[in-house]
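See below for the structure under consideration.
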2 protein chains.
Amino acid sequence: MENWYAEIITIGNEILSGKTINTNASHIARRILSLGYVVRRITTVMDDIEEISLVFKEAINRKPKLIISTGGLGPTYDDKTSEGLALALGVSFEINKDAYEMIVEKYKKRGLPLTEERVKMAKMPAGAAPVRNDEGIAPGIYILHKDIEILATPGVPREMENVLENFIKYHLKNRPNISYYENSFLLLGVMESTIAPYVKELVKKYNLYIKTHPRSKEMDKPELEVQVAGSSTDKEEITRIVNECINELKQIGTRLGGRVQEIM
Amino acid sequence: MENWYAEIITIGNEILSGKTINTNASHIARRILSLGYVVRRITTVMDDIEEISLVFKEAINRKPKLIISTGGLGPTYDDKTSEGLALALGVSFEINKDAYEMIVEKYKKRGLPLTEERVKMAKMPAGAAPVRNDEGIAPGIYILHKDIEILATPGVPREMENVLENFIKYHLKNRPNISYYENSFLLLGVMESTIAPYVKELVKKYNLYIKTHPRSKEMDKPELEVQVAGSSTDKEEITRIVNECINELKQIGTRLGGRVQEIM
């Protein structure tokens with residue numbers, strides 16, 4: 001059997017000091033498990049270029065198919081993931097044209113000047129591609145290295161989740177040779193915290209990846225994207241189970257006073 | 001400055017699959033930070049002897065002063081930490097006499113027979129000492145290897161916390177050369193969940209390790225041991241701050257209808 005190993009790297013002193021619980025690693029693990037990957041190792045290291053570089057190198061040497069990191073992509077001096085990754089790969093660390101354009105656009109829209117700290121978020125290992133971040137400024141970093149796909153995501157959970165989804169949608173090439181199926185719908189008028197306990201139950205019942213993504217932040221007009229995903233060697237079976245779960249979620253949403261809308 | 005690095009290893013497929021969030025690592029990190037250690041790396045690996053052995057070896061090669069693992073000490077076939085650690089250290093894996101006596105005693109008290117699975121929990125790397133587990137059966141494993149102190153704790157949070165405290169109290173030799181101070185008291189008649197939000201606030205206010213240990217499980221007669229610990233280069237200052245925090249906790253406990261009792 002082919003190895004579909006993945007590794008997760010979390011970067012940040014706040015995790016090592018125990019201040020922040022590593023929920024990002026759990027999210028990434030569950031999400032890539034739904035694609036058929038097996039997570040073999042999760043490593044947390046300090047915000048230190050040498051350490052970051054070392055841990056990427058070690059992961060690469062174990063030859064997984066996929067490495068996903070989270071944290072250390074922001075504008076401040078202690079955000080060192082991108083530079084550490086460049087060092088690990090032995091490539092130069094430079095302004096990425098596409099990333100630069102994404103960032104210029106975002107600050108322009110907000111009427112904010114482009115400072116040195118802000119430009120920093122466009123610096124990436126040579127050969128990388130930026131991954132869209134619809135929830136914040138810093139783009140994710142995608143690079144294919146010796147058939148290992150590497151993705152660096154920001155550490156803010158909302159941004160990490162969004163970059164991860166964009167990576168899966170637009171970049172991921174290596175796909176486990178099993179059937180992956182996902183479906184989603186919009187639920188209007190139900191708050192995320194209201195449906196949360198039902199989602200928790202259904203995760204147990206179906207053993208699928210279920211995630212609600214709030215699309216609006218208004219308390220009075222909540223809008224959730226409800227996503228269900230899973231994989232199996234049996235294509236028909238996984239399609240049936242995901243859709244069964246989607247239907248149950250729609251029923252629950254309606255019972256909670258919400259309105260279901262299909263995603264075009 | 002001397003290096004007071006520590007590493008944490010968490011063992012378990014349930015963490016790698018994202019099913020369980022790694023709160024154990026955060027607890028251990030906060031606790032040893034209060035002693036003056038700096039956690040340099042947290043690694044999570046599968047329940048696999050080769051992987052466990054490898055990750056212990058790698059940690060040992062980075063020469064920290066302290067390595068603490070959690071998980072994989074139970075009676076079932078997939079609990080492999082002890083054997084993996086023996087393999088990493090290149091020593092035999094054998095029945096530890098003291099551990100065996102602890103385990104025999106516990107099952108005798110409960111009137112249960114000593115099966116092969118139960119005896120398994122007494123098998124340890126040669127040269128190890130068992131660490132008392134007052135909350136469960138499997139003792140912790142303590143071993144001093146080339147001036148690196150290694151502690152293996154169970155994965156059940158209640159048991160891990162207890163074994164960690166017993167290790168700090170009875171085994172830990174390498175102590176950062178700064179002043180460590182801790183104090184505690186008993187709070188009768190207040191449930192842990194009632195005082196929890198106040199504890200959270202005080203952790204932020206004082207930047208200390210604060211932990212409530214429930215001593216009884218009865219809802220109608222709750223009994224909490226409240227522990228506060230910290231370290232600093234200034235002995236007087238840390239003593240003063242810990243005691244100030246203790247006093248504030250006592251006042252809160254009394255206000256919540258509890259009765260404070262000193263620990264003899």
Side-chain angles (χ1 to χ4, degrees), chain A residues 3 5-48 50-52 54-55 57-59 61-62 64 68 70-71 157 161 164 200 203-204 207-211, chain B residues 3 5-48 50-52 54-55 57-59 61-62 64 68 70-71 157 161 164 200 203-204 207-211:
Chain A
N3 119 40
Y5 285 132
E7 295 214 13
I8 297 170
I9 297 171
T10 55
I11 294 142
N13 297 339
E14 72 284 6
I15 309 251
L16 291 173
S17 69
K19 265 190 197 157
T20 303
I21 291 174
N22 202 349
T23 52
N24 275 359
S26 311
H27 178 91
I28 296 168
R30 273 181 285 125
R31 185 61 177 114
I32 62 182
L33 192 75
S34 79
L35 297 167
Y37 280 92
V38 173
V39 179
R40 190 165 176 178
R41 204 184 271 222
I42 301 171
T43 313
T44 305
V45 282
M46 299 193 280
D47 298 301
D48 176 282
E50 295 297 330
E51 286 279 295
I52 294 167
L54 190 63
V55 84
K57 270 190 209 165
E58 289 168 359
N61 284 339
R62 284 186 292 265
I68 297 180
T70 175
E161 291 173 19
L164 181 58
K200 207 173 158 187
V203 165
K204 272 188 221 156
N207 198 22
L208 292 169
Y209 175 84
I210 310 176
K211 179 76 189 165
Chain B
N3 119 39
Y5 286 132
E7 295 213 13
I8 298 170
I9 297 170
T10 53
I11 295 141
N13 297 340
E14 72 283 8
I15 311 255
L16 291 173
S17 69
K19 263 190 198 160
T20 302
I21 291 174
N22 201 347
T23 52
N24 275 359
S26 311
H27 178 92
I28 296 169
R30 274 181 284 125
R31 185 62 177 113
I32 61 182
L33 191 75
S34 79
L35 297 167
Y37 279 93
V38 173
V39 179
R40 192 166 174 177
R41 204 183 271 222
I42 301 171
T43 313
T44 305
V45 281
M46 298 192 282
D47 298 302
D48 175 282
E50 296 297 330
E51 285 280 296
I52 294 167
L54 189 63
V55 84
K57 271 190 207 164
E58 289 168 359
N61 285 339
R62 284 185 293 265
I68 298 180
T70 176
E161 292 174 19
L164 180 59
K200 207 174 157 188
V203 166
K204 272 188 219 155
N207 198 21
L208 293 168
Y209 175 84
I210 310 176
K211 179 74 191 167

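Below, chains carry the letters A, B, ... as their sequence lines are ordered, and counting in each starts from 1.
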[atom2] on [Y] to [atom1] on [X], rounded to 0.5 Å:
X: B/Ile68; Y: B/Thr10; atom1: CD1; atom2: OG1; result: 12.5 Å
X: B/Ile9; Y: B/Thr44; atom1: CD1; atom2: OG1; result: 9.5 Å
X: B/Leu54; Y: A/Arg41; atom1: CG; atom2: CZ; result: 5.5 Å
X: B/Asp47; Y: B/Ile11; atom1: CG; atom2: CD1; result: 8.0 Å

[X] and [Y]: which non-hydrogen atoms are nearest, and at how many Å?
X: B/Pro64; Y: B/Ala59; result: CD-O, 3.0 Å
X: A/Met46; Y: A/Ile52; result: O-CG1, 3.7 Å
X: B/Tyr5; Y: B/Tyr37; result: O-CD2, 4.1 Å

Contacts satisfying salt bridge (charged side-chain N to carboxylate O under 4.0 Å, His left out) that involve residues 7-27 of chain A (not counting sequence neighbours) are A/Glu7-A/Arg62
Is B/Leu16 in contact with chain A via its backbone, its side chain, both, or neither, using a 4.5 Å heavy-atom distance? both
Give, as side chain, backbone, both or neither, the part of B/Thr20 having an atom under 4.5 angstrom from any heavy atom of chain A. backbone
Just give me the residue among A/Asp48, A/Thr23, A/Val39, A/Val203 that pairs up with chain B most often, heavy atom to heavy atom, under 4.5 Å. A/Val39
Between A/Asn13, A/Val45, A/Ile15, the one whose heavy-atom pairs under 4.5 Å with chain B are most numerous: A/Val45
Counting only non-hydrogen atoms closer than 4.5 Å, can you tell me which residues of residues 24-32 of chain A sit against chain B? A/Ser26, A/Ala29, A/Arg30
